[in-house]
Amino acid sequence: MTSKSQNSEAEQTTDHAAIRKWVEERGGQPATVKATEEDGHAGILRIDFDPPDEGLDRIGWDEFFDKFDEAGIAFLHQDRTKDGKPSRFHKFVRR
């Protein structure tokens with residue numbers, strides 16, 4: 001699922017390949033908030049960009065997407081800033 005609002009430059013998707021491509025093009029890595037991990041399972045999802053955030057643990061894409069699908073969320077992101085540069089704006093939203 002991918003949708004784009006006519007009044008916004010933000011795009012929402014649940015497509016794993018599209019999310020991974022957007023993140024990797026910006027040098028990001030899938031991550032989880034350390035304090036929210038439970039029994040070896042990913043907690044609250046985040047994208048970590050360099051320099052690494054000490055409060056995050058980077059995880060693999062399979063674990064990231066397992067948690068993403070389980071949580072029933074979508075990825076809201078902006079492709080470019082107003083001046084045309086690649087944007088890192090993103091957040092996870094409920095579907």
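- Val23 has its side chain out of reach of His77: every pair of non-hydrogen atoms, C-beta onward, lies at least 4.5 Å apart.
- Residues Trp22 and Glu11 have side chains not in contact (no heavy-atom distance under 4.5 Å, counting atoms from C-beta outward).
- Residues Ile59 and Leu45 share a closest heavy-atom pair of CD1-CD2, 4.2 Å.
- Closest approach of Lys34 and Glu54 over heavy atoms only: NZ-O, 3.0 Å.
- Closest approach of Thr32 and Thr36 over heavy atoms only: OG1-OG1, 4.1 Å.
- Partners of Ser87 according to the side chain to side chain donor-acceptor pair (under 3.5 Å) rule, which considers only residues two or more places apart in sequence or in another chain, are Gln78.
- With sequence neighbours left out, Arg26 forms a salt bridge (Lys or Arg N to Asp or Glu O under 4.0 Å) with Asp79.
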Would you list the atom pairs, donor with acceptor, under 3.5 Å between side chains in residues 61-74 and any protein atom, with sequence neighbours excluded?
| unit_1 | atom_1 | unit_2 | atom_2 | d |
| --- | --- | --- | --- | --- |
| Trp61 | NE1 | Glu24 | OE2 | 3.1 |
| Glu63 | OE2 | Ala42 | N | 3.3 |
| Asp69 | OD1 | His16 | NE2 | 3.0 |
| Asp69 | OD2 | His16 | NE2 | 3.2 |

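- Every residue two or more places apart in sequence or in another chain that forms a side chain to side chain contact (heavy atoms under 4.5 Å, CB included) with Asp48 is listed here: Ala31, Pro52, Asp53, Leu56, Arg58.
- Remark: Lys91 pairs with Leu76, Val93 by the side chain to side chain contact (heavy atoms under 4.5 Å, CB included) rule, at least two apart or across chains.
- Residues satisfying the side chain to side chain donor-acceptor pair (under 3.5 Å) test with Lys21, not counting sequence neighbours, are Glu25.
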